[in-house]
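Let me begin by presenting the structure, written as structure tokens, before commenting on it.
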Protein chains: 2
Amino acid sequence: MRADARRNHERLLIEARAAFAEQGADAPLEEVARRAGVGIGTLYRHFPTRADLLNAVFQEELAELLHRSRELAEADAPCSALVEWLRALIAHAGEYRGLAHALMSASHDRSSALARCSDPLRAAGERLLGRAQEAGQVRADVSIGDLMQLTNAIALAAEQCPEDALLADRLLSLTLRGLKG
Amino acid sequence: MRADARRNHERLLIEARAAFAEQGADAPLEEVARRAGVGIGTLYRHFPTRADLLNAVFQEELAELLHRSRELAEADAPCSALVEWLRALIAHAGEYRGLAHALMSASHDRSSALARCSDPLRAAGERLLGRAQEAGQVRADVSIGDLMQLTNAIALAAEQCPEDALLADRLLSLTLRGLKG
DNA sequence: ACCTGAACACCGTTCAAGT
DNA sequence: ACCTGAACACCGTTCAAGT
């Protein structure tokens, strides 16, 4: 890749991250391009779809979340570790308004970059869930897919009620009481 | 109201219902107007916002749901009645793609017609929840607000995965196990 | 090889003119 | 009093021309 192209790529990522955090995951792409000092066409050349751009922005956060999951996988209490992990996912989704919705929309479209982005999260969650189930702390008939869908749905609901800071916690607790095996 | 205005009002409601059912709650308003044989300005005159139009369309469904809640309020098993009611809400949201999201977005804006539209639903749910709690079948610390948020979130998640017809059922069951007092 | 931005498409919303 | 639809605004996306 040419030096100027690489530079544009980096600036686009930086500005996209800022714009998504400030204005939500549906921030105007035109503004991302403007802030990065490039034409809108250049943005599309580097990231053909919004999902591609979101995906690229979240690679960094994704690495952090996966790191956290490896820590939790060695915790003493498998069930608490799983719950901690789900809380971390909700907190992450809460940092970008509209992200929970984007992830949800993308989840059933396997060709989307954003859908692939949550595959490693799913795998990490599966390990934590498996441990909690083997320890007999979580029912065997709970699937990681259902659990992550529900987590995402809770994040989305919480996002709509920013004035109720504890909503996500309460909804998650309500849900988790149903996990106990 | 002038006769032609009343007629336009009715035709707009009929076509809006059809368009929302076919294309989702974010169907182009221009098309609703076209199908109703009126100018787009007339649609805006009768329904200044999309939420007003959605609200008007759902008044009929709302009456049916309230009727159902009164039947359930006399059922023998208060907890099953509550669950039945939540299932009915999810089924209703599922009939119009995007409705769950619209309801969720509107829920924190008290001035929206759509938010007021769910007030009677909330009141009906509160009666059913109260009966189940008095019978000792549901924990006392569960609120109808949280329960409806969660129900709506589940409806939204289910809508994104139409290929998994049982998703809503499973997520609701998972949640409901946490209710038992 | 990459970038630019004008151009096009689409939809929401308003409002001056018409009936 | 109500209706109409052109006009404007906004944003996403493409692509011919430029470097």
Side-chain angles (χ1 to χ4, degrees), chain A residues 1-57 96-99 101-102 105-106 109 111-114, chain B residues 1-57 96-99 101-102 105-106 109 111-114:
Chain A
M1 192 185 293
R2 231 164 60 178
D4 58 340
R6 171 179 304 276
R7 190 177 137 77
N8 284 338
H9 192 94
E10 281 166 16
R11 293 193 61 180
L12 279 167
L13 273 182
I14 290 170
E15 296 304 334
R17 185 186 308 274
F20 290 157
E22 285 165 27
Q23 311 191 32
D26 54 353
L29 296 184
E30 192 107 28
E31 189 179 316
V32 173
R34 193 177 47 69
R35 283 162 61 153
V38 304
I40 181 66
T42 301
L43 185 150
Y44 275 94
R45 158 170 281 264
H46 285 274
F47 307 101
T49 71
R50 181 182 292 270
D52 289 319
L53 185 51
L54 277 170
N55 177 55
V57 164
Y96 301 86
R97 187 167 41 78
L99 177 58
H101 194 241
S105 301
D109 173 11
S111 67
S112 154
L114 206 51
Chain B
M1 190 186 292
R2 230 164 60 177
D4 57 341
R6 171 179 304 276
R7 190 177 136 76
N8 283 339
H9 192 94
E10 280 167 18
R11 293 192 62 181
L12 279 168
L13 274 182
I14 290 170
E15 295 304 333
R17 186 186 308 274
F20 290 157
E22 285 166 27
Q23 311 191 33
D26 54 354
L29 295 183
E30 191 106 29
E31 190 179 315
V32 173
R34 194 176 46 72
R35 285 161 61 153
V38 304
I40 182 65
T42 302
L43 185 150
Y44 276 93
R45 158 170 280 264
H46 285 274
F47 307 101
T49 71
R50 183 183 291 271
D52 288 319
L53 185 52
L54 276 170
N55 177 55
V57 164
Y96 300 86
R97 186 168 42 80
L99 176 58
H101 194 242
S105 302
D109 173 12
S111 67
S112 154
L114 205 51

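Here is the naming used below: chain letters follow the sequence lines, and residue numbers restart at 1 for every chain. Given the structure is predicted, the values throughout are model-derived calculations rather than measurements.
Taking a pair to require two hydrogen-bonding distances under 3.5 Å in either a Watson-Crick or a G-U wobble arrangement, dC2(D) pairs with dG18(C). Nucleotide dA7(C) is matched to dT13(D) when pairs are restricted to Watson-Crick or G-U wobble geometry with both distances under 3.5 angstrom.
Mapping A27(A) and V38(B) onto DNA chain D by nearest heavy atom places V38(B) closer to the 5' end of the strand. DNA chain C is contacted by both E30(A) and R45(A); R45(A) maps to the nucleotide lying nearer its 5′ end (nearest heavy atom per residue). Between R2(A) and T42(B), the one whose closest nucleotide on DNA chain D sits nearer the 5' end is T42(B).
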Problem set entry | Chi angles and distances behind the side-chain contact (heavy atoms from CB on, under 4.5 Å) call for Y96(A), L54(A) | CA-CA 10 Å; Y96(A) 301 86; L54(A) 277 170; over 6 Å; no
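Nucleotides of DNA chain C with any atom under 4.0 Å from a heavy atom of chain A span, from 5' to 3', dA1(C) to dA6(C).
Residues passing the side-chain contact (heavy atoms from CB on, under 4.5 Å) test with E31(B) are Q23(B), P28(B), R34(B), R35(B), sequence neighbours excluded.
Note on H46(A): only backbone sugar-phosphate atoms sit closer than 4.0 angstrom, heavy atoms only; bases stay farther off.
Taking all atoms of both residues into account, the shortest heavy-atom contact from F47(B) to A56(B) is CE2-CB, 3.7 Å. In terms of heavy-atom proximity, A113(A) sits nearest to A51(A) at CB-O, 4.3 Å.
Between H101(B) and H101(A), the angle of the ring planes stays under 30°, which puts this pair in the parallel group of the 30/60° scheme.
Not one N or O on the side chain of R7(A) forms a donor-acceptor pair closer than 3.5 Å with the backbone of R2(A).
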